[in-house]
Protein chains: 2
Amino acid sequence: MTDLPLHPLPLLGDPPTERSDAARNRESLLVAARELVHERGAEAVTMDDVALRAGVGKGTVFRRFGSRHGLMVALLDDSEAEWQRQVMSGPPPLGPGAPAWERLEAFGRSRLQTTVGHADLLRAAGASGNRSAPAMSFVVMHVRHLLIQLGVTGDLRLLSTALMAPLEIGVLDVLRTEGIDTERVIQGWLDLAQRIVAGG
Amino acid sequence: MTDLPLHPLPLLGDPPTERSDAARNRESLLVAARELVHERGAEAVTMDDVALRAGVGKGTVFRRFGSRHGLMVALLDDSEAEWQRQVMSGPPPLGPGAPAWERLEAFGRSRLQTTVGHADLLRAAGASGNRSAPAMSFVVMHVRHLLIQLGVTGDLRLLSTALMAPLEIGVLDVLRTEGIDTERVIQGWLDLAQRIVAGG
DNA sequence: GAAGGAAGCGGACTATGGTCCGATTAGTAC
DNA sequence: GTACTAATCGGACCATAGTCCGCTTCCTTC
């Protein structure tokens, strides 16, 4: 066989082999959506806008992302991925190398900043605040990991979820309404984390 | 003056004097909406449906409640009011009379049940999970009150918010997806509460 | 490189949330 | 009871999320 060319090689069931034009369109749509959201805020971007700017039909947008929420989640996942890289392999104290408590502190701060930074996208994305199963899963897993290092025992899955819950956009919106600023939120969160860790 | 009849007496600025037909319509609309939600679930109820069943025009629905969210929130507030009564003056341990820790425990359980019971309404109501400023405010105030009695010090507003955040519908939805049942959630929540109280 | 079939495309179409304004009605003053 | 005003009503109208299906494009196979 002179040709041992690239078989589809769909061994990894992950990206279910997207056709080239489909991949191109997905990329165009993400770029267009990101630009529009950046220009005028998530609230003011319609699906027709996105389709028009990407130069594709409206049907394509929905086939790719399923819904408005889906599109927003896709946008979020991009930034989320970058953030996850910093947590997994960036410089300490957010990345590995610092003592667990310092990492936890940096993690909370960073998470809060990220959430606030993407507030409008998160509101547009989630029927229930934000979530995106994988994104939330990563957060909980990491906190769980740090709590273990800090000697915490118990139902760590729930404790981790509970520790991160106050930093979700829905809760932050309420606090913001009451005039509580970011720094105070962080201080309160650190207090909570300390109590959890102290509980053993 | 033989007539000392009922002046409007708008001394209390609270209910801004609603015209009788307006009041009647509001009532019809709430009843109609409640019935429809009960029959087919919040998701499947359209504003036109509500207007039709209440026998009023669509415009009236929006003038009264502002939006779909507003209508759902109004429905929620009814049940919420009943629940608040039980907390404030019902039998212990949820109502007054029991030791603070038992009241807190009962409060968490009850709140969880209520939230789960109104899950679909809450999802339909809140862009950000649930909230309804007054409802959330009541919850936080009460927890704060109990935490004080339990000798907790610190930024109680934030601690209270953080303690209740894991019981919001958005978080519960995620946990449910992961196959975590209600009882386990409660146990985890009690653990969290204990750690907060133990922290002093 | 031609043919065949499947995946993907796109824009007309539908459903529903939300707005607007002329017609109507409750409440007030005489 | 009548006239007057302002609040309220209601349904036609608009914008946008989401669906559908005939047409096009890509990829494979020979």
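This structure is a prediction, so every number in the text was calculated from the model and none was measured.
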K.L.:
Between A:Arg195 and A:Asp191, does any side-chain N to carboxylate O distance fall below 4.0 Å?
P.N.:
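A:Asp191 and A:Arg195: salt-bridged.
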K.L.:
Check this for me, if you would: do A:Glu178 and A:Arg184 make a salt bridge, where the nitrogen-to-carboxylate-oxygen distance has to be below 4.0 angstrom?
P.N.:
no
K.L.:
What's the CD-P distance between A:Glu43 and D:dA15, to the nearest Å?
P.N.:
17 Å
K.L.:
OP1 or OP2 of D:dC9 sitting under 4.0 Å from any side-chain N/O of B:Asn25?
P.N.:
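For B:Asn25, the contact criterion (side-chain N or O under 4.0 Å from OP1 or OP2 of D:dC9) is met.
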K.L.:
For B:Phe65 and D:dT8, give me the distance from atom CZ to atom C1', rounded to whole Å.
P.N.:
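One finds 15 Å between C1' of D:dT8 and CZ of B:Phe65, rounded.
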K.L.:
C:dG18, OP1 or OP2 - any side-chain N/O from B:Arg68 closer than 4.0 Å?
P.N.:
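Answer is no, no contact under 4.0 Å.
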K.L.:
Provide, to the nearest angstrom, the distance between the CZ atom belonging to A:Phe62 and the P atom belonging to D:dC20.
P.N.:
13 Å
K.L.:
For A:Asp48 and D:dT19, what is the distance between atoms CG and P respectively, to the nearest whole Å?
P.N.:
14 Å
K.L.:
For the atom pair CG (B:Leu156) and CE (B:Met141), what is the distance rounded to the nearest 0.5 Å?
P.N.:
11.0 Å
K.L.:
Strictly below 4.0 Å, N to O, side chains only: are B:Glu80 and B:Arg111 in salt-bridge contact?
P.N.:
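The answer is yes: the pair qualifies as a salt bridge.
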K.L.:
Applying a 4.0 Å non-hydrogen cut-off, can you work out what B:Arg26 is touching in the nucleic acid: base, sugar-phosphate, or nothing?
P.N.:
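Counting heavy atoms under 4.0 Å across all strands, no contact is made by B:Arg26.
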K.L.:
When you measure from the side-chain N and O atoms of A:Thr60 to the phosphate of C:dG10, is any distance below 4.0 Å, counting only OP1 and OP2?
P.N.:
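For C:dG10, OP1 or OP2 has a side-chain N or O of A:Thr60 closer than 4.0 Å.
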K.L.:
Rounded off to whole Å, could you give me the CD-to-C1' distance for the A:Glu27 and C:dC9 pair?
P.N.:
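Going from CD in A:Glu27 over to C1' in C:dC9 covers 18 Å.
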K.L.:
Distance check needed: C:dA15 P versus A:Met47 CE, whole Å only.
P.N.:
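Nearest whole value for this atom pair: 20 Å.
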K.L.:
State which of C:dG17, D:dT8, D:dG18 makes the closest approach to the side chain of A:Lys58.
P.N.:
D:dG18
K.L.:
The side chain of A:Arg63 lies closest to which of these nucleotides: D:dC26, D:dT16, C:dC9?
P.N.:
C:dC9
K.L.:
What is the distance, to the nearest angstrom, from the NE2 atom on B:His69 to the P atom on C:dG17?
P.N.:
11 Å
K.L.:
Please determine whether a side-chain nitrogen of the Lys or Arg among B:Glu82 and B:Arg85 lies less than 4.0 Å from a carboxylate oxygen of the Asp or Glu.
P.N.:
yes
K.L.:
Please state how far atom CG in A:Leu52 lies from atom P in C:dA12, giving the value in whole angstrom units.
P.N.:
13 Å
K.L.:
Output the single nucleotide from C:dG17, D:dT16, C:dG10 whose closest atom is nearest the side chain of A:Thr46.
P.N.:
D:dT16
K.L.:
Would you mind classifying the nucleic acid contact of B:Arg64 as base, sugar-phosphate or nothing, using non-hydrogen atoms under 4.0 angstrom?
P.N.:
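Contact class for B:Arg64: sugar-phosphate only.
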